[in-house]
Amino acid sequence: MSKAMKAARRAPAVAEEASGPSFAPIKTKRAFEQVCDQIRREIAMGRLKPGDRLPPEREFGEQLGVSRTAVREALRSLENAGLVYCQQGMGGGAFICQRDSGIVTQAVSDMVMLGQVPWDDVTEARIMLTEQAIRLACERGTEEDFLALEQDIDHIEELTARGDFSRRTSYITEFYRLLALATHNLVLLMLLESLSELSRALLAKVDPVPKSDVIAVRRLVVKHIRARNADAAVTAMGAHLRRLDQYLRSESKKESPRRTRARS
């Protein structure tokens, strides 16, 4: 058989491999971990995308050479990790999830509550990421991005004028999401959304009354971003976030004795 004919025979297999996920038989005591690893690999390679449906448990187990129990355990693990969601009933099954920054938020929040991550590390990371987001927004931001930021500030100002502090508190981190969107970097968007939400939750816990300088600071920051003046925007926002950080630290210390007295 000529080399050309052999290559032609191999071509369909190569095309098939590139067109969809490729799973291999598994031989290990902890088979479910290997199932997880293969699904994660296919997602990383782009052969499994958000919304894609995985094979049914029995069929998937046969394809991988593992028990149906191992497949079910793997899917449960991936569902807890936020990579897969399982749907019951007609048309149900296991599907690859869409992007969700809430997963990152919950993971960091759990580590803070367990004492594995100090709150100081969270606020420090948030300040650093926000400053980097501002610099990228100055480089990549569009008129549409800037208008969205300005409209958000207008909305917060309107809620403040109406005295609707409950809705204002729940909406206050939208500015940081829009700022992250202006970077056109999805990873930075997820991280900044998550850390901002953690800060919002703590702020609402210690004192739901809004601070008076938020609107003015945000307008100044957007003004500098529009002018592509990253240093001025970073200075203004950095000073604001550090004041907020100091305030949260002091209020959190005040809260501790109150909780102790309440339990006693």
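Numbers here are sequence positions counted from 1.
The salt bridge (charged side-chain N to carboxylate O under 4.0 Å, His left out) check on D245 picks up R249, with sequence neighbours excluded. In this structure, the ring pair (Phe, Tyr, Trp, His ring centres under 6.0 Å) partners of F60, at least two apart in sequence or on a different chain, are F23. Shown here are the salt bridge (charged side-chain N to carboxylate O under 4.0 Å, His left out) partners of R243, two or more places apart in sequence or in another chain: D213. A search for side-chain hydrogen bond (donor to acceptor under 3.5 Å, both in side chains) contacts involving N229 returns nothing, not counting sequence neighbours.
Considering only heavy atoms from C-beta on, L83 stays 4.5 Å or farther from I39 through its side chain. Between L244 and T123 the shortest side-chain heavy-atom distance does not fall below 4.5 Å. Under the 4.5 Å side-chain criterion, counting only non-hydrogen atoms from C-beta, E193 is not in contact with T173.
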Practice prompt. Report the C-alpha distance between E174 and R177 in whole Å, list the side-chain angles of each, state the deciding distance to 0.1 Å, and finish with yes or no for salt bridge (Lys or Arg N to Asp or Glu O under 4.0 Å).
Written response: CA-CA 5 Å; E174 176 67 6; R177 187 186 74 84; 2.7 Å; yes
Worksheet item: side-chain contact (heavy atoms from CB on, under 4.5 Å) between T183 and L189: does it pass, once the steps are laid out?
Response: CA-CA 8 Å; T183 70; L189 170 61; 5.7 Å; no
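Other residues, nucleotides and ligands contribute over 12 non-hydrogen atoms within 6.0 Å of the CZ atom of R53.
The same ILVMFWY cluster, assembled from side-chain heavy atoms under 4.5 Å apart, contains both V217 and I127.
Residue pairs satisfying the salt bridge (Lys or Arg N to Asp or Glu O under 4.0 Å) criterion with at least one member in residues 223-240, sequence neighbours excluded, are listed as follows: R135-D231, E143-R226, E150-R226. Residue pairs meeting the ring-ring contact (aromatic ring centres under 6.0 Å, His included) criterion with at least one member in residues 169-199, sequence neighbours excluded: H155-Y171.
The main-chain N or O of E73 is never found under 3.5 Å from a side-chain atom of S77 such that the two would form a donor-acceptor pair. At least one donor-acceptor pair under 3.5 Å links the side chain of R242 to the backbone N or O of G238.
For the residue pair D145 / T142, a side-chain donor-acceptor distance below 3.5 Å is found, with atom types taken as modelled.
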